[in-house]
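The structure appears right after this line, and notes come after that.
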2 protein chains.
Amino acid sequence: MARLDDLITRKGVYRHGSILYRSGDKFQALYAIRTGFFKTQILNEDGREQVTGFQMAGEIIGMDGISSDAHTCDAVALEDSEVCEIPFSRLEDLSRELPPLQRHLHRILSREIVRDQNIMLLLGSMRAEERLATFLLNLSQRFAVRGYSPTSFQLRMTRHEIGSYLGLKLETVSRALSHLQESKLINVRNRSLEILCLSGLQACMGKRTR
Amino acid sequence: MARLDDLITRKGVYRHGSILYRSGDKFQALYAIRTGFFKTQILNEDGREQVTGFQMAGEIIGMDGISSDAHTCDAVALEDSEVCEIPFSRLEDLSRELPPLQRHLHRILSREIVRDQNIMLLLGSMRAEERLATFLLNLSQRFAVRGYSPTSFQLRMTRHEIGSYLGLKLETVSRALSHLQESKLINVRNRSLEILCLSGLQACMGKRTR
DNA sequence: CTTATAGCTTGATATAAGTCAAAATTAACA
DNA sequence: TGTTAATTTTGACTTATATCAAGCTATAAG
């Protein structure tokens with residue numbers, strides 16, 4: 001553990017809107033978010049973007065870069081954030097010596113795969129309101145784990161960014177939020193969100209007309 | 001390399017339709033496909049399915065299981081296939097001793113993350129015909145790498161399975177295939193597919209009305 | 001070889017989500 | 001602190017894809 005600490009260095013503070021890494025940047029390190037909030041996104045040739053995730057304190061980003069020694073997405077701070085750098089080749093060295101660290105690294109990589117595949121399920125088979133309910137419940141749970149309220153929190157991203165993540169247009173996100181509010185499942189006013197009925201949202205997640 | 005060979009054992013032949021592993025099965029090994037064709041899919045509580053990938057000879061599957069010591073998807077043979085088993089804890093042991101093997105394993109895990117994020121882009125931002133063109137070009141390229149024709153091959157999966165992978169209904173897949181055929185970009189008759197114009201398909205991939 | 005079953009295509013119609021537009025609200029900044 | 005720009009909401013209308021249905025074609029089983 002002490003040796004892992006040696007490896008990790010404060011990379012510094014990223015102001016709202018600033019970029020931790022860009023697609024194409026040489027891959028050298030993973031990053032642990034100490035405080036704050038990030039989004040990762042890919043852009044294809046013709047300018048289309050897809051937000052691939054929102055990351056909060058305690059989460060690791062940058063794993064996309066391992067495969068080709070270059071990052072394949074952009075990571076952008078959605079609020080002022082503090083980040084630690086974990087040089088990857090040194091992490092590999094250390095994980096050869098420490099089997100529990102090795103195991104941990106493999107689990108983190110695999111967890112990212114599972115997360116992505118669940119988003120594929122969301123994008124491939126859920127309708128707008130379901131996607132949004134799933135998204136809100138995921139945020140709720142992650143805030144809860146960190147000791148914050150699972151039922152009352154600030155959205156750190158715009159409707160456009162939520163839409164990009166969920167495969168929807170921002171107007172659809174706005175309408176779906178309004179509709180969940182009409183249904184008394186949430187209260188939403190701009191970025192502040194309150195979940196009034198967790199179980200109702202869960203039910204909404206499982207609802208399919210398709 | 002010799003030591004890696006020791007580790008890998010023939011797991012045997014999987015007949016068309018048989019299951020290599022199921023969601024919930026204890027995770028113990030990765031699998032290398034020697035010959036044949038698989039699909040992986042996740043099923044959520046209410047029975048919805050999402051095909052998360054199609055895997056062919058030379059590819060590794062099972063990485064989803066590392067994170068929780070249990071598989072999170074099903075792997076089903078789409079034709080008679082031969083598989084090798086790579087016991088994961090022994091692979092971890094060996095990769096601690098052999099840095100190039102360790103690096104290789106990390107790249108494979110990361111490549112899966114990148115692949116999944118590109119599917120998120122497809123599902124989140126492309127229209128039906130574009131998704132299909134992207135899919136066909138991806139198959140084409142993978143066949144080419146293996147020394148098969150990039151322009152003439154058999155689809156190993158049903159329209160329903162293609163639809164599940166691409167987030168479309170089977171009728172939409174069928175119509176999109178017919179339309180690409182009318183446009184003289186492909187010839188398709190049941191499962192046999194011929195690409196008449198690779199660059200035309202690529203152009204179609206980049207086309208967006210949305 | 002015959003029958004049954006699963007898979008595929010195509011048409012008609014319905015609908016969820018997208019598009020366009022305008023107003024309202026909030027945030028940024030000079 | 002006023003002004004501008006960005007974000008959000010809501011409405012009216014359009015469209016891509018889903019749904020439903022029927023007929024057709026392969027493939028598998030007896």
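Protein chains get the first letters and strands the later ones, always in sequence-line order, with residue 1 at the start of each.
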* Asked: Among D/dT19, D/dT9, C/dC8, which nucleotide sits nearest the side chain of B/Asn190?
  -> C/dC8
* Base D/dG11 to side chain A/Arg175, donor-acceptor N/O within 3.5 Å cut-off -> yes
* Asked: Whole Å only: how far is the CG atom of A/Leu180 from the C1' atom of D/dT9?
  -> 15 Å
* Asked: Is a donor-acceptor pair below 3.5 Å formed from side chain B/Arg127 to base C/dG18, judging by atom type as modelled?
  -> no
* To do: For atom CZ of B/Arg22, decide whether the heavy atoms of other residues, nucleotides or ligands shown that lie under 6.0 angstrom number more than 12.
  => no
* Asked: Would you say A/Gln50's side chain and A/Ser164's backbone share a donor-acceptor pair under 3.5 angstrom?
  -> yes
* To do: Could you tell me the separation between the CZ atom of A/Arg156 and the C1' atom of D/dT8, rounded to a whole number of Å?
  => 19 Å
* Asked: What pairs with A/Asp80 under side chain to side chain contact (heavy atoms under 4.5 Å, CB included), at least two apart in sequence or on another chain?
  -> A/Arg15, A/His16
* Asked: Which part of the nucleic acid does A/Leu168 contact within heavy-atom distance under 4.0 Å: base, sugar-phosphate only, or nothing?
  -> sugar-phosphate
* Has A/Thr158 got a side-chain N or O lying under 4.0 Å from the OP1 or OP2 atom of D/dA6? -> no
* Audit row: A/Glu59, A/Arg111, salt bridge (charged side-chain N to carboxylate O under 4.0 Å, His left out) steps and yes/no -> CA-CA 11 Å; A/Glu59 296 177 334; A/Arg111 193 176 311 146; over 6 Å; no
* Asked: Are B/Tyr165 and B/Ile162 side-chain neighbours, meaning at least one heavy-atom pair lies under 4.5 Å?
  -> no
* Asked: Hey, what's the ring geometry for A/Tyr21 with A/Tyr31, parallel, tilted or perpendicular (30° and 60° as the breaks)?
  -> parallel
* In whole angstroms, how far is the C1' atom of D/dT8 from the CG atom of A/Leu170? -> 8 Å
* How far does the helix from C/dC1-D/dG30 to C/dA30-D/dT1 bend, going by the axes of its first and last five pairs, to the nearest 10°? -> 60°
* Asked: Which listed nucleotide (D/dA18, D/dT9, C/dT9) is nearest to the side chain of B/Ser174?
  -> C/dT9
* Structure fact -> Whole-Å distance, B/His179 NE2 to D/dT17 P, equals 12 Å
* Check whether any side-chain heavy atom of B/Leu123 sits under 4.5 Å from a side-chain heavy atom of B/Arg131, and report yes or no. => yes
* Asked: What integer distance in Å separates A/Glu171:CD from D/dA12:P?
  -> 15 Å
* B/Arg191 side chain: which of D/dT17, D/dT8, C/dG7 is closest? -> C/dG7
* To do: Take A/Glu194 and A/Arg189 through the test salt bridge (charged side-chain N to carboxylate O under 4.0 Å, His left out) and record every step on the way to the result.
  => CA-CA 9 Å; A/Glu194 193 187 351; A/Arg189 184 176 161 68; over 6 Å; no
* **Rounded distance (Å) that lies between atom P of D/dT10 and atom CD of A/Glu182** => 8 Å
* **Rounded distance (Å) that lies between atom P of D/dT9 and atom CG of A/Leu177** => 7 Å
* Structure fact -> A/Glu129 CD to C/dG18 P, in whole Å, measures 14 Å
* Asked: Centroid-to-centroid, A/Tyr148 to A/Phe153, below 6.0 Å?
  -> no
* **Among C/dT26, D/dT19, D/dT10, the one nearest B/Lys169 by side-chain distance** => D/dT19
* Can you check salt bridge (charged side-chain N to carboxylate O under 4.0 Å, His left out) on A/Glu130 and B/Arg48, steps first, answer last? -> CA-CA 13 Å; A/Glu130 255 186 292; B/Arg48 246 173 306 191; 2.6 Å; yes
* Does any residue of residues 159-167 of chain A have a heavy atom under 4.0 Å from DNA chain C, and if so, which ones, in number order? -> A/Gly167
* Asked: Do any side-chain nitrogens or oxygens of A/Ser178 fall under 4.0 Å of OP1 or OP2 in D/dT9?
  -> no
